[in-house]
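Lettering of chains follows the sequences in order, A, B, ..., and the numbering in each one begins at 1. Quick caveat: nothing in here was measured; it's all calculated off a predicted structure.
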Protein chains: 2
Amino acid sequence: MQPSFARQDETVPETVPETVAEPPSARQQAVLDAVLGLMVEEGDQLTMDAVARRASCSKETLYKWFGDRDGLLTATVRWQASRVHAGRYAPNALDVTALRESLQDFAATWLEVIASDTSVALNRLAIGHAGSRKSNLGGIVLANGRFAIGERVKPVLEAGRAAGLLAFDDTEAAFRTFIGLVGRDIQIRLLLGDALPLDAGEIRRDADRAVEQFLALYGRARTPTPPSREED
Amino acid sequence: MQPSFARQDETVPETVPETVAEPPSARQQAVLDAVLGLMVEEGDQLTMDAVARRASCSKETLYKWFGDRDGLLTATVRWQASRVHAGRYAPNALDVTALRESLQDFAATWLEVIASDTSVALNRLAIGHAGSRKSNLGGIVLANGRFAIGERVKPVLEAGRAAGLLAFDDTEAAFRTFIGLVGRDIQIRLLLGDALPLDAGEIRRDADRAVEQFLALYGRARTPTPPSREED
DNA sequence: GCAGTACCGTACCGTACGGTACGGCGCGTC
DNA sequence: GACGCGCCGTACCGTACGGTACGGTACTGC
């Protein structure tokens, strides 16, 4: 019942970590990748048998490593989160152009993430589990997704304000407006199974449009509005 | 196997409708309400037994009326959708004030809906089923939620444009920006189980802020910006 | 009163899936 | 080369749940 992430055949002798996550070993990562793959391809049929078969390991091992099904799913969510944590958006020299590019980069990256098969499958899973008590995958997804991203973007916004480029009181509110302008109804539609084609070009345009709209709302300096707005 | 919505003890003799939905009888509506209640309260444990117990009817009846579990869920989604279809937002006399109020009404109403327990539970269910093939509840929710709402709001936007109050080329794009400004990350956070307190006052303020931001982006006439923006 | 019908309650069946047990194998270590 | 161990593969168990069958009851039309 006590899931452990420490492999017994490695240095660690008998630390017996509680329920918390050590970084998974290479073999364990392969298992978690199998779970992700299965999630994306099969969606619903995420059974322990299927995972064991796909990862070429025994169910007994799964239970030894991850405790139970929820432990496996939790570890999978954490694993996926750990590999998305990349990219920093804080520019050094802060003029309007740098700020704009920084925000565009963030917006495009984030759109790519939420539009990815993996993210959609993972969010579906977490949302499905959010309805019942026990082991909130939803909380983990939120903490590593939405909230983690906020903590990386807000410094950019505040730097922009410090440089006199943006005007706002509430950083959180400004960030949420930005999130709204970037994401709009994309995520919920994808989660509900809408086709919604979203290639790289579309993402780029969406990101640019959202940043221009955000600057129009929160920009202080009269920025040289670049190429073209989406409409008009 | 062939679900039918026509009660046999009513006038209809032997129409045997295919798989499509007649309006459910009062008794059937009670059953569907039981499903909704169960969905909200129990989340996951939406079993046919539980529904039958709660609705004080036999499982056999459930299967006769709705065919199978998916049929029951589909009918429930349709039933809920049918009662949300209310309210029209198209004002007659179109000046800036009327347009603003119309948009505010829409925004507040929509926020109330997506923040309701029922909507959250229903969307969770539909999203959970979107992963697997067969009987896309997701499509139904989208059609009756997001898309239906769009069809009712877009005329307002276009009327605003015709009156010279708004400026945009692509109505759909303008609408999606509006949706983004109103909803921001609220729906996904609620679906993932975030607490996110959202009382009537908060909704009102959110709606007003979103409308002001939308008018700032798309408004043509220099509107007398009312009371106060959220920040600044 | 009697047949037919719509329905409730409950018992029942089959299966899928979470979780466990066990035999066998490869790879250490002594 | 014998032992231990971590792991694979597979067989197995218990239960929960979708779906069906059936007896009992109330109501309707004749």
Q: Centroid separation under 6.0 Å, is that true for the rings of A/Tyr218 and A/Phe178?
A: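 Ring centroids of A/Phe178 and A/Tyr218 are no less than 6.0 Å from each other.
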
Q: Is the backbone of A/Val35 close enough, under 3.5 Å, to the side chain of A/Arg54 for a donor and an acceptor to pair up by distance?
A: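 No; judged by distance alone, with no hydrogens or angles, the pair does not exist.
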
Q: Under a 4.5 Å cut-off applied to non-hydrogen side-chain atoms, are A/Arg152 and A/Phe106 in contact?
A: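 Contact flag for A/Arg152/A/Phe106 side chains = no.
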
Q: Could you write out each protein N or O paired with an N or O of nucleotides 8-15 of chain D at a distance under 3.5 Å?
A:
| residue | atom | partner | partner atom | Å |
| --- | --- | --- | --- | --- |
| D/dC8 | OP1 | A/Arg27 | NE | 3.4 |
| D/dC8 | OP1 | A/Arg27 | NH2 | 2.7 |
| D/dC8 | OP1 | A/Ser56 | O | 3.4 |
| D/dC8 | OP2 | A/Ser58 | N | 3.4 |
| D/dC8 | OP2 | A/Thr61 | OG1 | 2.9 |
| D/dC8 | N4 | A/Glu60 | OE1 | 3.4 |

Q: Rounded to the nearest angstrom, tell me the gap between atom CG in A/Leu73 and atom C1' in C/dC17.
A: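 For the pair A/Leu73 CG and C/dC17 C1', the rounded distance is 14 Å.
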
Q: Can you check the A/Phe66 CZ to C/dG18 P distance for me, whole Å?
A: 15 Å

Q: How many whole angstroms separate atom CG of B/Asp70 from atom C1' of D/dG19?
A: 13 Å

Q: Could I get a table of every N or O pair under 3.5 Å where one atom is in the protein and the other is in nucleotides 25-28 of chain D?
A:
none

Q: Output side-chain donor-acceptor pairs under 3.5 Å for residues 111-118 of chain A, partner residues at least two apart or in another chain, one line each.
A:
| residue | atom | partner | partner atom | Å |
| --- | --- | --- | --- | --- |
| A/Ser116 | OG | A/Val113 | O | 2.7 |
| A/Ser116 | OG | A/Ser119 | N | 3.2 |

Q: Could you tell me the separation between the CD atom of B/Gln28 and the P atom of C/dA6, rounded to a whole number of Å?
A: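 Whole-Å distance recorded here is 13 Å.
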
Q: Using a 3.5 Å distance criterion without hydrogens, assess whether the side chain of B/Arg209 forms a donor-acceptor pair with backbone atoms of B/Leu181.
A: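 Judged by distance alone, yes, a pair lies under 3.5 Å.
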
Q: Rounded to the nearest angstrom, tell me the gap between atom CG in A/Asp68 and atom C1' in C/dC17.
A: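 So the two atoms are 14 Å apart, to the nearest Å.
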
Q: Return yes if some donor-acceptor pair links the side-chain N/O of A/Asn136 with the main-chain N/O of A/Gly138 below 3.5 Å, else return no.
A: no

Q: To the nearest 0.5 Å, what is the distance between CZ on B/Phe214 and CD on A/Gln213?
A: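 B/Phe214 atom CZ to A/Gln213 atom CD measures 9.5 Å (nearest 0.5 Å).
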
Q: What closest approach, in Å, do A/Gln187 and A/Trp110 show between heavy atoms, and which atom pair accounts for it?
A: OE1-CZ2, 4.5 Å

Q: Return the nearest nucleotide to the side chain of B/Tyr63; candidates are D/dG18, C/dA6, C/dG18.
A: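 Among D/dG18, C/dA6, C/dG18, the one nearest the side chain of B/Tyr63 is D/dG18.
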
